[in-house]
Amino acid sequence: MNILAFAGGVGGAKLADGLMRAVGAEQLAVIVNTADDFHLYGLHISPDVDTVMYTLAGIANPESGWGIDGDTWQNFDMLVRYGVEPWFHVGDRDLATHLLRAQMLNGGATLSEATRKLSRRLGVDAFILPMSDDPVATLVDTDQGPLPFQEYFVKHRWQPVVRGLIYEGVGEAEPAPSMLRRIETADTIVICPSNPYLSIDPILALRGVHDVLLNATAPIIAVTPIVGGEALKGPAAKLMKELGVEPSAVEVARHYADFINGFVLDQRDAELRPQIEAMGMGVLVTDTVMRTADDRARLGCEVVTFADQLRPEKLGGCLLSSE
Ligand code: FO1
């Protein structure tokens, strides 16, 4: 059983963790958005990659979902003392990741090589693959003018009204090594409950990815990031409204409809099932809200089992018992 997940920030990392618990780390590869990456103090910050890596290593901050549990902010205080007005919080432990990544990148390693080394050293056996080794940067066109992604998201707390999104560099960027082959050979592909526009679309926009998904033999399952018209975390619902799309699980399913075979809908939205089935895909209705590690594992297991029902020859997959 070989599971390939597409993920962005916190929601995606949680389901990736659930899939890892359900099938075992060796069976899981996670392709992670890097269009949120940026440079700060000369360091390459890769927030979504780190969120997935820390989550799978079991050291993510449980409250925020990003950063490291129990981290401290001495470097932040020192930056303030130097007269800097920092708006992006890099914890002291998190800083070690950025220092080592910078050392590896400056020594000629690619982002995917650096990620492999860092995640291995944190004891992560799942394969974490940044979507590209080339720079791609989301530029958010807002009512306050164009904003680099982290300025929109963190500095302005996603309050500016969004008019459009540009994934700068995506046309020239190569998908990460092994990514297209992994899509072709996966047994199951899972689009995690990440923001479709900010986290998943940059991956889909890379050359060849959409076509390979269209031709993939594996069942492709998307899990809703929208429940009851609201995002569980972050700006997905607000962004959808601002882009003229109704913030609803139906619209998320429609967004992916040309290449997915199955959609996981939250039980609070069960009445939307017929509308999604009418798009020609299978629907699993369940509790998609992941508060605890057990919730993640349960959802991971349900997604894997659902995928198995969508293929002609059953492979099984979930290692967890279903008591
Ligand atoms: N998100 C915030 O809202 N404020 C921060 O200061 C912040 C710092 C930060 C540092 C390292 C890291 O890996 C992630 C961090 N995030 C922070 C989260 C991150 O910027 C966003 O959640 C993602 O880019 C969106 O997926």
Side-chain angles (χ1 to χ4, degrees), residues 5-17 30-57 59-77 79-80 84-102 111 114-115 118-119 122 124 128 130-131 135-140 147-160 162 165 167-168 191-203 225-226 231-239 290:
F6 284 36
V10 175
K14 284 183 178 179
L15 183 60
D17 184 43
V30 191
I31 295 173
V32 186
N33 172 42
T34 58
D36 295 10
D37 289 19
F38 73 124
H39 288 89
L40 190 66
Y41 316 122
L43 303 173
H44 182 124
I45 314 281
S46 199
D48 286 1
V49 169
D50 289 345
T51 297
V52 171
M53 182 171 76
Y54 296 154
T55 302
L56 298 189
I59 59 170
N61 180 318
E63 275 93 48
S64 61
W66 52 265
I68 297 176
D69 193 17
D71 215 343
T72 50
W73 309 97
Q74 304 262 4
N75 79 78
F76 190 90
D77 297 344
L79 287 166
V80 173
V84 178
E85 289 180 25
W87 49 268
F88 193 81
H89 295 71
V90 176
D92 299 325
R93 292 176 189 174
D94 190 22
L95 186 58
T97 304
H98 308 312
L99 294 175
L100 284 180
R101 178 187 289 120
L111 183 61
T115 303
L118 291 168
S119 53
L122 288 179
V124 177
I128 302 174
M131 68 181 203
V136 179
T138 300
L139 188 68
V140 188
L147 294 170
F149 178 77
Q150 294 296 342
E151 289 195 28
Y152 158 75
F153 196 92
V154 175
K155 192 174 187 180
H156 296 278
R157 295 160 195 260
W158 41 273
Q159 290 315 299
V162 176
L165 297 163
Y167 312 121
E168 286 185 323
I191 311 293
C192 287
S194 301
N195 188 311
Y197 302 90
L198 297 177
S199 297
I200 303 296
D201 278 2
I203 308 178
I226 299 283
L232 292 170
K233 189 170 170 59
K238 175 175 180 284
L239 187 67
M290 294 172 280

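Ligands are counted one by one from 1 in listed order, and the atoms in each one are counted from 1 as well. Keep in mind that what you see is a predicted model, and the values were worked out from it rather than measured.
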List for me each residue that meets salt bridge (charged side-chain N to carboxylate O under 4.0 Å, His left out) alongside D37, sequence neighbours excluded, and say none if there are none.
none
Nearest heavy-atom approach of P86 to Y41 is CB-OH, 3.7 Å
Is there a polar contact, in the sense of an N or O pair closer than 3.5 Å, between H98 and ligand 1?
no
Please determine whether side-chain contact (heavy atoms from CB on, under 4.5 Å) holds for the pair N61 and D71, giving the CA-CA distance in whole Å, both sets of side-chain angles, and the decisive distance to 0.1 Å.
CA-CA 8 Å; N61 180 318; D71 215 343; over 6 Å; no
Close approach of V90 to ligand 1, heavy atoms, under 4.0 angstrom
no
Can you tell me the protein heavy atom closest to atom 8 (C) of ligand 1 and the distance?
H89 O, 3.1 Å
Counting both backbone and side chain atoms, is some N or O of D94 under 3.5 Å from an N or O of ligand 1?
no
Only heavy atoms count here, so choose which of F38, Y54, F149, W66 is nearest to atom 7 (C) of ligand 1.
W66
Ranked by distance from atom 9 (C) of ligand 1, the top protein heavy atom is F88 CZ, 3.1 Å
Mind checking ring-ring contact (aromatic ring centres under 6.0 Å, His included) for H156 and listing every partner two or more places apart, or none if nothing turns up?
none
Mind telling me whether W158 and F153 have parallel, tilted or perpendicular rings, with 30° and 60° as the class edges?
tilted
Please report the closest heavy-atom contact between Y197 and L239, naming both atoms and the distance.
CB-CD2, 3.8 Å
So, regarding D36 and ligand 1 (criterion: nitrogen or oxygen to nitrogen or oxygen, under 3.5 Å), is there a contact or not?
yes
Give yes or no for whether the N/O distance cutoff of 3.5 Å, strictly under, is met between D50 and ligand 1.
no
Q150: numbered ligand 1 atoms lying under 4.0 Å from its heavy atoms
20 (O), 24 (O)
Atom of I128, atom of V52 and distance for their closest heavy-atom approach
CD1-CG1, 4.1 Å
On the 0 to 90° scale, with breaks at 30° and 60°, tag the F76-W73 ring pair as parallel, tilted or perpendicular.
perpendicular
Given A13, A7, P47, which has its nearest heavy atom closest to atom 14 (C) of ligand 1?
P47
Which residue holds the protein heavy atom closest to atom 21 (C) of ligand 1, what is that atom called, and what is the gap in Å?
F153 CE2, 3.6 Å
May I ask you to identify the nearest protein heavy atom to atom 3 (O) of ligand 1, giving residue, atom name and distance to one decimal place in Å?
V154 CG2, 3.8 Å
Please tell me if the side chains of D50 and H98 come closer than 4.5 Å, counting only heavy atoms from C-beta onward.
yes
Part of R157 within contact of ligand 1 (heavy atoms, under 4.0 Å)
neither
Ligand 1-proximal atoms of D48, by part, heavy-atom distance under 4.0 Å:
side chain
